[in-house]
Amino acid sequence: MTAALSAHELIARHRSTLDQALEAIRTRAYWSPHPEHPKAYGENGSLDAAAGKAAFDALLGSRLDLGQPGTDDWVGGETSPYGIDLGVTYPHADLDVLLPAMKAGQRAWRDAGAEQRAVVCLEILKRISDRTHEFAHAVMHTSGQAFMMALQAGGPHAQDRGLEAVAYAYVEQVRTPDNAEWTKPQGKRDPLAMNKQFTPVPRGIALMIGCNTFPTWNGYPGLFASLATGNAVLVKPHPRAVLPLALTVQVAREVLAETGFDPNLVALAAERPGEGIAKALALRPEIRIIDYTGSTEFGDWLEANARQAQVYTEKAGVNTVVVHSTSDYKGMLSNLAFSLSLYSGQMCTTPQNLLVPREGISTDQGPKSYDEVVADLAKAVDGLLGDDARANALLGAIVNPDVKARLEAASGLGEVALASREITNPDFPGAVVRTPVIVKLDGAKPDDEAAYMSECFGPVSFAVAVDSAEDAAELLRRTVREKGAMTVGAYTTDPEVEQAVQEVCLEEAAQLSLNLTGGVYVNQTAAFSDFHGSGGNPAASAALCDGAFVANRFRVVEVRRDA
């Protein structure tokens, strides 16, 4: 296959970006090569807002032909949470044809080496970045995110996570040298001398199972970690969120072909309505790596049954915030209100349980009772979402009927401190938009435990009354240990309470945010600096991203010869 882009050209184009990413993951300082602001796009080949919207509109009702082998049907059926029928159809694969074709290109991809694989991945990410506005609409109309969040989280933040995975993959692969001269003295005899060659070899075909809510942000780490370590990647999107990942596959295939590699190293596995191919795919012997984001039930099934594969899961948890005391009561309420409202709580990192001492908390505004804290938080959410235009921009749309059903059922679980209300989106009358509900529960009542010890994914939070800071720490420990948590938050001015909460999080491997009162929120993490999940509690078996996330996607094979 003739390369239109040489390895030399790609290294010249992207090596400095890779080096900056390597420095960022070493220092954990802020850095991103992907601009967040919509107006940053429109030059150097990137699509501006109008061109991106036009490109998205042109996709509606079209057939996205990826040129994959083994296509035996065309499938689709995505409906936007904003009420639009996308009408895009995708290739349905005969896996007995597609999987061998994917495997055929792995030898050349393996032999290319870590640096060339990395810069090819960076070229894929650059071309995706150039189409950020187009991808933003695709993410918005499959996930229900509001446009600005879809642009940022589905665009630059997702691209950052992909680049972060490439950087970690590169570090782990070059940790061992390509060649070594080995000499062992033998006293009076001639020394033993050998030439040793070390090659990172891929495990095989990786299966990336996408999610509905963050198809690119959650999908890119596994996709690029596997590709950068030499594996072919089969992308199985969520049936309600195919388009963003299908476009990703399209770009990857184009870049692979232009750089002289087999485009079948990346392929799409779309499915017919109700077909449910994930289980069958996960058990195929060709699949050696699985990345999955979604429900605990299916994640547990994958971990127990896909024994031939290395499985990385991000499942569900019960995220908790301990509210003990604060020196900035207004800032705390504002920060929590935003965290509970963003994307209608449809994030794996959104707080669910707020543990508040029943005797109240101390603040810079004086003592506040449990009832006052909960009432003031409800007022803060109401104030944040009081303007419908601003509410639509923050909330987005409810992604599926299950979330709506949980939201409606939550009001029957306890005393409602903040009732959910319906909001109309004038641009998308078909969108289901709801404000959050806050329910008061008692941590001492067994009848309430079933609610707060279960994940209630969506715009639902529980203000749980506890007896003391010690009880809060113990309930936090039990929650993380039994149910897992992607995030933990705490507000306290007491060093002993801070230390107790921190110790729980260290022992139970949960990521902790302390006393957030400004523009950083517990449910947001920054690539190259923050770890998303830990891999150390039931919410996830991996962290995005660390060395463990990439190192077992390849093995090092040694060939040694007498010198």
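Here, residue 1 is the first one in the sequence, and each next residue gets the next number.
Glu134 and Tyr41 share no donor-acceptor pair across their side chains, judged by distance under 3.5 Å alone. Residues Thr248 and Arg253 bring no donor and acceptor atom of their side chains to less than 3.5 Å of each other. Checked by atom type, the side-chain pair Asn195/Arg561 shows no donor-acceptor distance below 3.5 Å. The closest side-chain donor-acceptor pair between Thr313 and Glu303 falls under 3.5 angstrom. When only modelled atom types and interatomic distance are considered, Thr17 and Gln20 share no side-chain donor-acceptor pair under 3.5 Å. A donor-acceptor contact closer than 3.5 angstrom is absent between the side chains of Ser513 and Tyr521.
Put simply, the side chain of Gln106 never gets that close to the backbone of Leu265: no donor and acceptor are under 3.5 Å apart. Under a 3.5 Å cut-off, the side chain of Ser529 and the backbone N or O of Ala526 do not form any donor-acceptor pair. Although no hydrogens or angles enter the test, the distance criterion places no donor-acceptor pair under 3.5 Å between the side chain of Ser341 and the main chain of Phe338. Side-chain atoms of Asn231 do not come within 3.5 Å of backbone N or O of Pro202 as any donor-acceptor pair. The closest donor-acceptor contact from the side chain of Arg175 to the backbone of Glu172 lies at 3.5 Å or more, if one exists at all. The backbone N or O of Ala241 lies less than 3.5 Å from no partner atom in the side chain of Thr142, so there is not a single donor-acceptor pair. A donor-acceptor pair under 3.5 Å is formed between the side chain of His133 and the backbone N or O of Pro38. Listed for the Gln346 side chain is no donor-acceptor partner under 3.5 Å among the backbone atoms of Phe457. Asp85 places no side-chain N or O within donor-acceptor distance of the main-chain N or O of Thr79, the cut-off being under 3.5 Å. A donor-acceptor pair under 3.5 Å links the side-chain atoms of Asn537 to the main chain of Ala509, judged by distance alone.
To the nearest 0.5 Å, atom CG of residue Leu5 and atom CG of residue Leu256 are 11.5 Å apart. With rounding to the nearest 0.5 Å, the separation of CG in Leu247 from CD1 in Ile128 is 9.0 Å. Rounding to the nearest 0.5 Å gives a distance of 9.0 Å between CG of Asp73 and CD of Glu275. Note that the CD atom of Gln524 and the OG1 atom of Thr487 stand 11.5 Å from one another [nearest 0.5 Å]. Taken from NE2 in His37 to NZ in Lys39, the straight-line distance is 6.0 Å, to the nearest 0.5 Å. Here the CG-CD distance, from Leu283 to Gln308, works out to 6.5 Å after rounding to the nearest 0.5 Å.
Nearest heavy atom pair, residue Ala527 against residue Asp160, reads CB-CB, 3.6 Å. Of all non-hydrogen atoms in Leu245 and Tyr220, the two that sit nearest each other are CD2-CE1, 4.3 Å. Annotation for Ala153 and Trp217: closest pair O-CD1, 3.3 Å, computed over non-hydrogen atoms. What you find for Leu243 and Leu86 is that their closest heavy atoms are CD2-CD1, 4.4 Å. Across every non-hydrogen atom of Ala101 and Asp262, the tightest pair is O-OD2, 3.9 Å. Nearest heavy-atom pair across Pro91 and Leu268 is CD-CD2, 4.5 Å.
In this structure, His141 has its ring center closer than 6.0 angstrom to the ring center of Phe428. Aromatic ring centroids of Phe224 and Tyr168 lie 6.0 Å or more apart. Aromatic ring centres of Tyr312 and Phe549 lie closer together than 6.0 Å.
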With salt bridge (charged side-chain N to carboxylate O under 4.0 Å, His left out) as the criterion, how do Glu123 and Lys126 come out once you've worked through the C-alpha distance, each side chain's angles and the decisive distance to 0.1 Å?
CA-CA 5 Å; Glu123 178 68 18; Lys126 173 63 170 65; over 6 Å; no

request  = Decide yes or no on side-chain hydrogen bond (donor to acceptor under 3.5 Å, both in side chains) for Asn218 and Glu314, but give the supporting numbers first.
outcome  = CA-CA 9 Å; Asn218 279 111; Glu314 184 197 309; 2.9 Å; yes

List the steps and the verdict of salt bridge (charged side-chain N to carboxylate O under 4.0 Å, His left out) for Glu271 and Lys236. CA-CA 8 Å; Glu271 56 191 318; Lys236 205 298 289 182; 2.7 Å; yes

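Environment of NZ in Lys196: crowded, with over 12 heavy atoms of neighbouring residues, nucleotides or ligands closer than 6.0 Å. Open room surrounds CZ on Arg107; 12 or fewer heavy atoms of other groups in view lie less than 6.0 Å from it. The neighbour count for Asn44 CG, taken as heavy atoms of other residues, nucleotides or ligands under 6.0 Å away, does not exceed 12.
Leu64 has its side chain within reach of Leu59: a pair of non-hydrogen atoms, C-beta onward, lies under 4.5 Å apart. Between Leu163 and His34, the closest side-chain pair of non-hydrogen atoms falls below 4.5 Å. Contact annotation: the side chain of Gln159 never approaches that of Ser32 to less than 4.5 Å [non-hydrogen atoms, C-beta and beyond]. Between Phe198 and Val557, the closest side-chain pair of non-hydrogen atoms is not below 4.5 Å. Proximity of His8 to Val119: side-chain heavy atoms (C-beta onward) are nowhere separated by under 4.5 Å. At least one side-chain heavy atom of Gln511 sits under 4.5 Å from a side-chain heavy atom of Phe531.
Ring geometry for Phe147 against His137 counts as tilted: the plane angle lies between 30° and 60°, on a 0 to 90° scale. Using cut-offs of 30° and 60° on the angle between ring planes, the pair Phe214 and Tyr343 is perpendicular.
Contacts of Glu23 classified as salt bridge (charged side-chain N to carboxylate O under 4.0 Å, His left out), with partners at least two apart in sequence or in another chain: Arg26. For Arg284, the salt bridge (charged side-chain N to carboxylate O under 4.0 Å, His left out) partners at least two apart in sequence or on another chain are Asp96, Glu286.
Contacts classified as side chain to side chain donor-acceptor pair (under 3.5 Å) and involving residues 544-560 (residues at least two apart or in different chains) are given here: Arg203-Asn552, Ser226-Arg553, Asp291-Arg553, Gln310-Asn552, Asn552-Arg555.
Within the cation-pi definition used here (under 6.0 Å to the ring centroid, within 45° of the axis), Arg110 does not qualify as a partner of Phe554.
The pair Arg127-Glu258 meets the salt-bridge criterion, since a charged nitrogen lies less than 4.0 angstrom from a carboxylate oxygen.
Applying the side chain to side chain contact (heavy atoms under 4.5 Å, CB included) test between Asn335 and each of Val522, Leu516, Val520 identifies Leu516 as the sole match.
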